[in-house]
Amino acid sequence: MDVKIEPSWKAALAEEFEKPYFSNIKTALVTAREEGKEVYPRGGLIFNAFNSTPLSDVKVVILGQDPYHQPNQAMGLSFSVPLGVKTPASLRNVYKELAATVAGFEVPQHGDLSHWATQGVLMLNASLTVERDKAGSHAGIGWQVFTDAVIQAVSEHCEGVVFLLWGNFAKKKAELIDASRHHVLTAIHPSPLAGGGFLGCNHFVLTNQLLVAQGKLPIDWQV
């Protein structure tokens with residue numbers, strides 16, 4: 001199957017695109033469109049995380065579960081929303097943690113995290129699409145098989161990547177990562193439903209310390 005995606009990812013995931021489950025994903029999306037269902041993000045942004053962060057550039061992985069399921073929110077980068085869209089509650093907590101721990105960080109008036117992606121932060125959702133108003137609606141169409149393969153590809157092809165796994169769902173993905181070659185940091189999910197347990201995890205400071213220790217440039221977290 002000819003999938004329009006950044007070349008390094010296309011090469012690394014070539015076998016996945018030819019497997020039956022990936023064909024099932026395409027069929028499910030076409031069927032949803034034919035039935036008049038609204039699916040987010042729009043087609044051109046489904047692989048935005050990959051097109052924004054080539055495999056060879058990946059230094060950090062932030063794993064989300066689902067795209068945002070309200071109009072105009074999803075942009076193919078986990079936790080991020082386009083300019084002009086209200087900052088979601090989980091991201092507001094991420095900003096609180098950054099402001100409390102990263103010197104000079106100022107909470108922005110937007111939720112667009114594209115600046116992170118261009119520095120090597122792969123913002124990956126386990127499911128790459130979702131139906132409007134129905135969180136988790138595409139969890140069973142095959143995306144999680146694909147994104148598990150993505151995590152394994154990063155683990156295999158990259159070195160010293162910092163994986164940020166927030167919440168129980170994300171933590172389960174640790175088994176896909178070679179911890180002898182990479183760094184895995186876990187925390188409570190930044191959602192307000194988690195009772196503020198995310199605050200104080202210090203993940204952004206720790207991430208940069210781990211990157212610098214490898215001779216890599218730290219992430220400029222200001223957006």
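Since the model is a prediction, treat every value here as computed from it, not as a measurement.
- Transitive grouping of hydrophobic side chains (ILVMFWY, heavy atoms separated by less than 4.5 Å) keeps F169 and V130 in distinct clusters.
- Minimum heavy-atom separation, Y40 to H69: CE1-O, 3.6 Å.
- Using bins of under 30°, 30° to 60° and over 60° for the plane-to-plane angle, the ring pair F50/W9 lands in the perpendicular bin.
- Side-chain atoms of S52 do not come within 3.5 Å of backbone N or O of A49 as any donor-acceptor pair.
- Nearest heavy atom pair, residue P41 against residue T129, reads CD-CA, 4.3 Å.
- Put simply, the side chain of R132 never gets that close to the backbone of V39: no donor and acceptor are under 3.5 Å apart.
- The two residues V81 and M75 come nearest to each other via the heavy atoms C-SD, 3.2 Å.
- Between atom CG of residue L128 and atom OG1 of residue T147 there is a gap of 6.0 Å, rounded to the nearest 0.5 Å.
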Run the numbers on L77 and S114 for side-chain contact (heavy atoms from CB on, under 4.5 Å), then give the verdict.
-> CA-CA 8 Å; L77 305 176; S114 298; 4.0 Å; yes
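- Looking at residues two or more places apart in sequence or on another chain, you find a salt bridge (Lys or Arg N to Asp or Glu O under 4.0 Å) between K37 and E35.
- A distance of 5.0 Å separates CG in L176 from CG in D148, rounded to the nearest 0.5 Å.
- For F146 and H138, the distance between ring centers is not under 6.0 angstrom.
- Hydrophobic clustering, with ILVMFWY side chains joined whenever heavy atoms are under 4.5 angstrom apart, groups L55 together with I177.
- Side-chain contact between V184 and V162 is absent, with no heavy atoms from C-beta onward closer than 4.5 Å.
- Looking at I188 and N168, their side chains never come closer than 4.5 Å, going by heavy atoms from C-beta outward.
- With hydrophobic clusters built from ILVMFWY side chains whose heavy atoms lie under 4.5 angstrom apart, W116 shares a cluster with L45.
- Between D2 and K10 there is a salt bridge, since a side-chain N of the basic residue sits under 4.0 Å from a carboxylate O of the acidic one.
- Contact annotation: the side chain of F163 never approaches that of I62 to less than 4.5 Å [non-hydrogen atoms, C-beta and beyond].
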Expected list for residues 101-108: side-chain donor-acceptor pairs under 3.5 angstrom, two or more places apart:
{"unit_1": "T101", "atom_1": "OG1", "unit_2": "E97", "atom_2": "O", "d": "2.7"}

Audit row: L185, T207, side-chain contact (heavy atoms from CB on, under 4.5 Å) steps and yes/no = CA-CA 9 Å; L185 303 181; T207 293; 4.0 Å; yes
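- You'll find the side chain of L122 reaches within 4.5 Å of the side chain of V154, heavy atoms only.
- For the pair H183/Q214, a side-chain contact is recorded, criterion being any heavy-atom separation below 4.5 Å from C-beta on.
- Cluster annotation: V150 and I46 are assigned to the same hydrophobic cluster (Ile/Leu/Val/Met/Phe/Trp/Tyr, side-chain heavy-atom contacts under 4.5 Å, transitive).
- No side-chain heavy atom of F79 sits under 4.5 Å from any side-chain heavy atom of M123.
- For Q119 and D220, the side-chain atoms include no donor-acceptor pair closer than 3.5 Å.
- Distance check, rounded to the nearest 0.5 Å: OG1 of T53 to CD of E6 gives 9.0 Å.
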Show the numbers, then the answer: is there a side-chain contact (heavy atoms from CB on, under 4.5 Å) between K86 and R92?
-> CA-CA 10 Å; K86 182 180 179 181; R92 290 200 298 271; 4.1 Å; yes
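- Under the 4.5 Å side-chain contact rule for hydrophobic residues, V223 and L98 share a cluster.
- The structure places SG of C158 at 9.0 Å from CG of D57, a figure rounded to the nearest 0.5 Å.
- Within the model, atoms CD1 of I5 and CZ of F47 stand 5.0 Å from one another, a figure rounded to the nearest 0.5 Å.
- In this structure, the side chains of Q70 and E38 stay at 4.5 Å or more apart for every pair of heavy atoms.
- S127 and N125 are not linked by any side-chain donor-acceptor pair at a separation below 3.5 angstrom, with hydrogens and angles left out of the test.
- With K173 as the partner, the side-chain contact (heavy atoms from CB on, under 4.5 Å) test is satisfied by one option alone out of L124, V61, I151: I151.
- A distance-only check finds a donor-acceptor pair linking the side chain of D66 to the backbone of G136 [under 3.5 Å].
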Please output the side-chain donor-acceptor pairs of residues 21-34 that fall under 3.5 Å, not counting sequence neighbours, one pair per line with the distance.
{"unit_1": "Y21", "atom_1": "OH", "unit_2": "E16", "atom_2": "OE1", "d": "2.6"}
{"unit_1": "T27", "atom_1": "OG1", "unit_2": "S23", "atom_2": "O", "d": "3.1"}
{"unit_1": "T31", "atom_1": "OG1", "unit_2": "T27", "atom_2": "O", "d": "2.8"}

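- A donor and an acceptor atom, one from each side chain of W166 and H203, are located under 3.5 Å apart.
- Of the inter-residue distances, the one linking L193 atom CG with S90 atom OG reads 7.5 Å to the nearest 0.5 angstrom.
- Looking only at distances, no side-chain donor or acceptor of N208 sits under 3.5 Å from a matching main-chain atom of P218.
- A distance-only check finds a donor-acceptor pair linking the side chain of H182 to the backbone of V161 [under 3.5 Å].
- Counting heavy atoms from C-beta outward, V85 and D112 have side chains that stay 4.5 Å or more apart.
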Are V121 and K59 close enough, and set up right, to give a side-chain contact (heavy atoms from CB on, under 4.5 Å), and what steps lead you there?
-> CA-CA 6 Å; V121 181; K59 297 194 292 187; over 6 Å; no
